[in-house]
Student: 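The structure under discussion is supplied below as structure tokens; questions concerning it will follow.
Bear in mind the structure is a predicted one, so any value in this text is a computation, not a measurement. Naming convention: chains lettered A, B, ... in sequence-line order (proteins, then strands); numbering from 1 in each chain.
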There are 2 protein chains.
Amino acid sequence: MADIDSGSARRTPRKRADARRNEATLLDAAAAAFVSSGVDAPVRDIAARAGVGVGTIYRHFPTRADLVVAVYRHQVEACAEAGPTLLANGGAPYVALAQWIDLFVDFLVTKHGLAEALQSDDATFETLHAYFLDRLVPVCAQLLDAAATAGEIRPDVTAFEVLRGVGNLCIGAGDPRYDARRLVELLIAGLGQPRTAGPR
Amino acid sequence: MADIDSGSARRTPRKRADARRNEATLLDAAAAAFVSSGVDAPVRDIAARAGVGVGTIYRHFPTRADLVVAVYRHQVEACAEAGPTLLANGGAPYVALAQWIDLFVDFLVTKHGLAEALQSDDATFETLHAYFLDRLVPVCAQLLDAAATAGEIRPDVTAFEVLRGVGNLCIGAGDPRYDARRLVELLIAGLGQPRTAGPR
DNA sequence: CACGATACGGAACAGTGTTCCGTTTGCCAA
DNA sequence: TTGGCAAACGGAACACTGTTCCGTATCGTG
């Protein structure tokens, strides 16, 4: 396996220098465009920023979603890895869960339009959706399980639901009259009520 | 003044017959298109359904949002009017609030793409957003106030936040793995915790 | 240094919402 | 009944998306 990999890796060891350079430039340009115009920044704008043609973007990133994933991959990975770490810190699982959700919310609210894109039913963003889910659902599930086992939250909620709900609540953060983080806290607080809903 | 008004009203009492007919046809066609393709149904599709040109749509409804508002106005009004009614029914304000939210969720989840459009930062849907807010925020505020006064929910939550949060949670209902109604229940349950979040 | 594979640029395509204006049509006065 | 004109219509055209395609330029190697 290692032989085959290194062999094929030797045969096509590295892309042409200009290609590698362009890919890096493109990632920077996209990141900058996402900050100033949101993840919906027009492809042509990103190409112009990077000083390349639009064809070059599509050669490196088959679809917009792939570009978005590439730009945010590091941060998503960091978030995913933070889950087990928080859980291992020794505190109550519910606290770890709340902290992790907070991390996730921080990530989403600082990326203008990302939450919207994530929930978009546009087939274009399917890849994006899938990547986030693949990477984060298991982590979230682990935290939920721990908290449920400890009896701290109701046991009948899925990681998918929580992630999606939290992601949805982050849509439109940026509006000063809308505090996404607070509503997420409310939702997570609701999780902590094992019995019937309602007061008293 | 009254003379001028009634005079001008008399002078142009009703639009031309074909115009009135087309407006009605258009509303029907749009409603049908929204059901089968969501509120994002292409303008050309709606025009084709109604058997008119796209120009005719824009003459009657300056923007897509106006068309959407016109189609759903009746249901939004009904929802708005249900608020005071539920509150007057004599039960606990919190129960009335929960029932009203349920009504709102019912409305949103049955309109494919409406929740998405409502939270879209697209300037096109500004009118839509504004209409829903104008009409429903006061109703929601009344219910929240009543429940807060009764000590049934925390008093520090605004109607705008709740409506927006609930609206956001309704995005993507339709996915079988995502139960929007349940998450809304969780959120509303979180509302019922006047003290600090978290278990015990 | 020359040649072939690789990568590039941007025109072209398909699909949006919206605008614009030549043509048709309904209505009212004569 | 009919003439005329304001109102309304249809749909081509525009501006803006994402995406594809291919002639051209460039890189790296023998």
Student: Looking at B/Leu186, B/Asp106, B/Leu169, which one forms a side chain to side chain contact (heavy atoms under 4.5 Å, CB included) with B/Arg181?
Tutor: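 Of B/Leu186, B/Asp106, B/Leu169, side chain to side chain contact (heavy atoms under 4.5 Å, CB included) with B/Arg181 is met by B/Asp106 alone.
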Student: Over how many whole Å does the gap from B/Ile57 atom CD1 to C/dG17 atom P extend?
Tutor: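 In whole Å, C/dG17 P and B/Ile57 CD1 are 9 Å from each other.
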Student: Under 4.0 Å between a side-chain N/O of B/Thr56 and OP1 or OP2 of D/dA8, yes or no?
Tutor: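 So the side chain of B/Thr56 is outside the cut-off, no N or O lying under 4.0 Å from OP1 or OP2 of D/dA8.
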Student: If you compare all heavy atoms of A/Asp40 against all heavy atoms of A/Arg64, which two are closest, and at what distance to 0.1 Å?
Tutor: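 Minimum heavy-atom separation between A/Asp40 and A/Arg64: CA-NH2, 3.5 Å.
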Student: Report, one pair per line, the protein and nucleotides 21-24 of chain C atoms (nitrogen or oxygen only) whose separation is under 3.5 Å.
Tutor:
none

Student: Check each residue of residues 18-34 of chain B for a non-hydrogen atom within less than 4.0 Å of any atom in DNA chain D, then write out the ones that pass by number, or none.
Tutor: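 Within residues 18-34 of chain B, the residues near DNA chain D are B/Asp18, B/Ala19, B/Asn22.
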Student: Can you check whether B/Phe107's main-chain N or O pairs, donor with acceptor, with B/Thr110's side chain at less than 3.5 Å?
Tutor: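 Side chain of B/Thr110 to backbone of B/Phe107, a donor-acceptor pair under 3.5 Å: yes, one is there.
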Student: Quickly work out the B/Ile46 CD1 to D/dG10 C1' distance and round it to whole Å.
Tutor: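 Spelled out: CD1 on B/Ile46 to C1' on D/dG10 is 17 Å.
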Student: Are any of B/His60's side-chain N or O atoms less than 4.0 Å away from OP1 or OP2 of D/dA8?
Tutor: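 Checking B/His60 against D/dA8: no side-chain N or O falls below 4.0 Å of OP1 or OP2.
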Student: State whether the side chain of A/Asp66 and the backbone N or O of A/Thr63 hold a donor-acceptor pair below 3.5 Å, judged by distance alone.
Tutor: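 Yes, A/Asp66 side chain to A/Thr63 backbone: donor-acceptor pair under 3.5 Å.
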Student: So, B/Tyr178 side chain and A/Phe160 main chain: donor-acceptor pair closer than 3.5 Å or not?
Tutor: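 The answer is no, because no donor-acceptor pair under 3.5 Å joins these two groups.
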Student: Consider only side-chain heavy atoms of I, L, V, M, F, W and Y, link residues closer than 4.5 Å, and tell whether A/Ile101 and A/Val137 are in one cluster.
Tutor: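 Same hydrophobic cluster.
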Student: A side-chain contact here means heavy atoms from C-beta on lying under 4.5 Å apart; do A/Ile171 and B/Arg164 qualify?
Tutor: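 In short, these two side chains do not touch, never coming nearer than 4.5 Å.
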Student: Does the side chain of B/Trp100 come within less than 4.5 Å of B/Leu87's, by heavy atoms?
Tutor: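 Side chain of B/Leu87 against side chain of B/Trp100, heavy atoms only: no contact under 4.5 Å found.
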Student: Grab the two heavy atoms, one from B/Glu116 and one from B/Gly172, that are nearest each other, plus how far apart they are.
Tutor: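 For B/Glu116 and B/Gly172, the tightest heavy-atom pair comes out as OE2-N, 3.4 Å.
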Student: Tell me, for nucleotides 12-20 of chain D in 5' to 3' order, what letter each nucleotide earns: B for a base near a protein heavy atom under 4.0 Å, S for only sugar-phosphate near one, - for neither?
Tutor: BB---BBBB
Student: Please confirm whether the backbone N or O of B/Tyr72 pairs with a side-chain atom of B/Gln75, one donor and one acceptor, at under 3.5 Å?
Tutor: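 No, the answer is negative, given that no donor and acceptor are paired below the 3.5 Å cut-off.
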